[in-house]
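Presented below is the structure to which this report refers.
Labels below follow one simple rule: chain letters A, B, ... track the order of the sequence lines, proteins then strands, and each chain is numbered from 1. Just so it is clear, the model here is predicted, and its values are computed rather than measured.
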Amino acid sequence: MPINLKIPEAETREQRLGTITQWEGSAAQLARDSAFSYGCAKGCVTGGPEGGRRLCEQNSPFAQASMCAETIAVTNATIIQDSVVIQHSPIGCAASQSFTCRYYRDLAAQRGWALEDPQSLCSNLTERDMVFGGIAKLEQAIREAWDRHHPRVIFVATSCASGIIGDDVDGAAQRLEAEIGVPVVTLHCEGFKSKHWSSGWDVIEHGILRRLVKTERRNRRQDLVNVIHLGGPDVFTPLLAPLGLRVNLVMGGSSLDRLAAMSEAAATVTMCFVLSYLATGLEQEYGVPELKAPLPYGLAATDAWLRDIARATGREDRVETVIASERARIAPELARLRDRLSGKKGFVAAGAAFAHGLVADLRELGVTVDSAYSFHHDPSTDSGDPRQDSLTYLVETWGDIPHFTVSPDQHFQAHAALKRSKPDFVICRHSGTMAVLAARLGIPVLPIFYSNDGLGYEGLLTIGRAILRVLPRQRFYQDVASHSQFPYQPWWRDQTNPYALSADSSVA
Amino acid sequence: MAKSKLKQIAIYGKGGIGKSTTTSNISAALVDAGYKVMQFGCDPKSDSTNTLRGGDYIPSVLDLLHENSRVDAHDAIFRGFGGVYCVEAGGPQPGVGCAGRGIIAAVQLLKQQDIFDELDLDYVIFDVLGDVVCGGFAVPIREGIAEHVFTISSADFMAIYAANNLFRGIQTYSNKGGALLGGVIANSINTDFQREILDDFVARTRTQVVEYVPRSLTVTQAELQGKTTIEAAPRSEQARIYRRLAQRIAEHTESTVPAPLSPQDLRSWSAGWADQLIEIERKSQHLAVAS
């Protein structure tokens, strides 16, 4: 079903893609059961014609996520330049904005923006507002945001509280937009709507697609490629500039002009298919093709990715030279890294397509990976194109991962998964749970905040070097472990099945 | 029939006033006249569309959402009399959860899946429970959903109080780009006196009566068979009245912002009518004794 931009609310990931957050098995089985191949939206048929079955959530008594979709939507709106975000929520929902300040300043330093705090307000809904309605407070907050900061755009993010009482946030936004004369974009991100935080990406991308992208495509810029990424340094320009392409780096901190220009680009690539809602929307609404090639993790995938971009932008004549020269450039160091990493065992923990990419990187570097831990799994993408099936691509290219755990970053499940795998090191995103846990188990850990680190040819070197920096710290981690205790009973401390508590688990 | 723009209508009224009966007869009359109609019941009891489907209950949108993480909106749409599309929002059991949020979730699901456009409907009629008690119940009258709202009221004071309260909700949203008031459907009107009370009320609140619908045994008989009057007794006088009502609603274009009475004004207004009522009662008793 196409993305529906007629209404202000984005459909949740569960509804659009059948996203799950709990699963245990092999990567090959998960790939087989996903909607790309044999899964179906209706009916729970075991053993379908191809041996697959509908991808069902694994039962677990503890299934809470460790983050909220609202945080993702709000953070990614706040780091858009010249914006003010208003959270129409109780003040507690705004606690995550202290993180956003740090994030924005870090991005500003990297991008050469003015080093300042981002602007955000909260309507501070109280008991009285819950009973009598909070719209007057929201209107006041929007006027206040305008008077104080004169932004180019105001985002209004909803909350569980405003969603339950049914405050007419869109009505207020329209009235105030007419009054102050800048776009007031609503973000419907009630946390209860989706069980996974990644739905927050869809919410902010929905808002951008509806309101901030130039609707008239006067100039089609044949040399401009939208790159949708999760934030971090621009590792793309060095790859695409030799092809004569310019990078329009969006999400993860963008200017409004960059967002507006997306509809004029020649193509869009996404650095993690979790964010591909925006790319699919750009193709659907503005005819900007979304490139579906596998993500550029590992040599062959990076080659294929560059060729796909070259094909879409008419640069096939140059691409082979770029590939050959890049491969030659990294070959000596890659060989050294492979030599030193060979025989090591890594454990990957990250979100969906990003996790699949990191596994590919590690295997390209000669690291053994028998376990991975993904924070959610999307059995499909918005385009529905099987080329975006990053898990199947991983399994077909690099072989199965016998222990593939999908968990919404649950500490106790990660503990069991690490006990089972006994890796030499852990590489992870969302470091709050996994990095600390691994350290306390005495395992060297490489936390990745900016997810561009492993991309492309250079990404292999970046990741390889970083692992080599971490591995010698074993003594330190063992020291940490010797002073650490876990709040689990002995039977769980020895448990190696993350889903041992599930009713339908094969291990009691 | 030429393709016309989808017209969305919301019908509100106090519980038990005959909302679903009237709405279902309007829907039945409109499909009978050749229109493509969806009736969308917004009541946790999920019984709005029963008489369009031979007395059958249908699974509601929220029943499906309760059982599945993904819902295809088509699974919540059922055909009834004359091909009318029937949808029930559904809701929680009494005493638990939040029925208002339920309506928001159900309406959003159908809109997200673009059902109204896909079915190429002429009319969507929302049959909404009772009062505008919270934001969720106001969803059908907000900007972008129904353009016209009608309230159903009898001459009973409690029903009029409820209608006046509804006008306050409508006033809130109609001033902000939401639905405007098309008028009052006067239900169970069998005497001139009842008619006068409602005429006076609509005059004071600056709206109009769209149709006077008498209480009729024909309706009860039809409902006992699980049918609308349009289906069960198509040639009856009552069916003729429902058809006229449906036609007026179909042709209705100009709605207005109502002027609800303040609680104080409403009290004194009803007290004035109550005095007259007592006077009439006294006279009739006097006559009875005299005879």
Side-chain angles (χ1 to χ4, degrees), chain A residues 1-22 35 39-44 54-57 130-136 139 158 160-176 178 188 190 192-196 206 379-380, chain B residues 6 8 42 61 64-65 67-76 89 91-92 96-118 128 132-146 168-179:
Chain A
M1 178 174 302
I3 288 171
N4 184 356
L5 294 179
K6 290 182 199 161
I7 62 170
E9 302 90 359
E11 262 189 303
T12 63
R13 226 150 234 271
E14 290 92 320
Q15 178 69 32
R16 295 188 342 266
L17 311 175
T19 295
I20 58 163
T21 59
Q22 301 179 89
C40 62
K42 290 181 196 174
C44 195
R54 182 191 171 200
L55 193 56
C56 291
E57 198 87 63
M130 290 298 285
V131 175
F132 296 104
I135 283 299
E139 291 178 339
T158 61
C160 294
S162 68
I164 292 167
I165 62 173
D167 262 355
D168 184 15
V169 172
D170 292 298
Q174 279 178 20
R175 285 192 300 283
L176 269 291
H188 288 266
E190 296 88 349
F192 55 72
K193 271 190 183 163
S194 170
K195 66 193 163 202
H196 204 264
H206 189 80
S380 181
Chain B
L6 167 67
Q8 300 189 65
C42 296
V61 178
L64 297 171
L65 275 172
E67 282 156 22
N68 308 287
S69 54
R70 303 177 79 180
V71 172
D72 181 340
H74 297 91
D75 294 344
V96 294
C98 178
R101 181 67 212 175
I103 294 177
I104 297 173
V107 172
Q108 258 180 28
L109 187 90
L110 264 76
K111 287 187 75 78
Q112 271 167 343
Q113 298 188 20
D114 221 2
I115 294 296
F116 301 160
D117 278 0
E118 180 196 311
V128 194
V132 184
V133 288
C134 72
F137 286 89
V139 161
I141 56 172
R142 282 194 199 159
E143 204 276 329
I145 305 190
R168 293 172 61 188
I170 295 161
Q171 191 183 37
T172 303
Y173 285 103
S174 57
N175 288 336
K176 297 174 179 172

Next item on the list: Determine the option with the most heavy-atom pairs under 4.5 angstrom with chain B, choosing from A/Arg16, A/Gln174, A/Arg175.
Entry: A/Arg175
Notebook entry, point to check: Under the 3.5 angstrom rule, does the side chain of A/Gln22 hit a backbone N or O of A/Glu57 as a donor-acceptor pair?
Noted result: no
Next item on the list: Could you tell me whether a side-chain N or O of A/Glu14 sits under 3.5 Å from a main-chain N or O of A/Lys195, the two making a donor and an acceptor?
Entry: yes
Checklist line | Engaged part of A/Phe192 at the chain B interface, taking heavy atoms whose separation is under 4.5 Å | finding: side chain
Item checked: chain A contact via B/Tyr173 - side chain, backbone, both or neither, heavy atoms under 4.5 Å -> side chain
Next item on the list: Identify which part of B/Ile103 has an atom lying under 4.5 Å from any heavy atom of chain A, answering side chain, backbone, both or neither.
Entry: neither
Next item on the list: Side chain from CB out, backbone as N, CA, C, O: work out which of these in A/Ile20 comes under 4.5 Å of a heavy atom of chain B, or both, or neither.
Entry: neither
Next item on the list: Please look at A/Ile164 and chain B and tell me whether the side chain, the backbone, both or neither of the residue comes under 4.5 angstrom of a heavy atom of that chain.
Entry: both
Notebook entry, point to check: Using non-hydrogen atoms only, which part of A/Ala172 is less than 4.5 Å away from chain B: side chain, backbone, both, or neither?
Noted result: neither
Margin query: Taking A/Thr12's backbone N and O only, do any of them form a donor-acceptor pair with B/Gln112's side chain (distance below 3.5 Å, no angle check)?
Written below: no
Margin query: Looking only at heavy atoms and a cut-off of under 4.5 Å, which of A/Ile135, A/Asp168, A/Asn4 has the most pairs with chain B?
Written below: A/Asp168
Check: Does the salt bridge (Lys or Arg N to Asp or Glu O under 4.0 Å) test come out yes or no for A/Lys6 and B/Asp117, once each step is laid out?
Finding: CA-CA 11 Å; A/Lys6 290 182 199 161; B/Asp117 278 0; 2.8 Å; yes
Check: Mind checking what makes ring pair (Phe, Tyr, Trp, His ring centres under 6.0 Å) contact with A/His188, not counting sequence neighbours?
Finding: none
Check: Counting N and O atoms only, with roles assigned by atom type, does the side chain of A/Asp167 sit under 3.5 Å from a partner on the main chain of A/Gly134, one being a donor and the other an acceptor?
Finding: yes
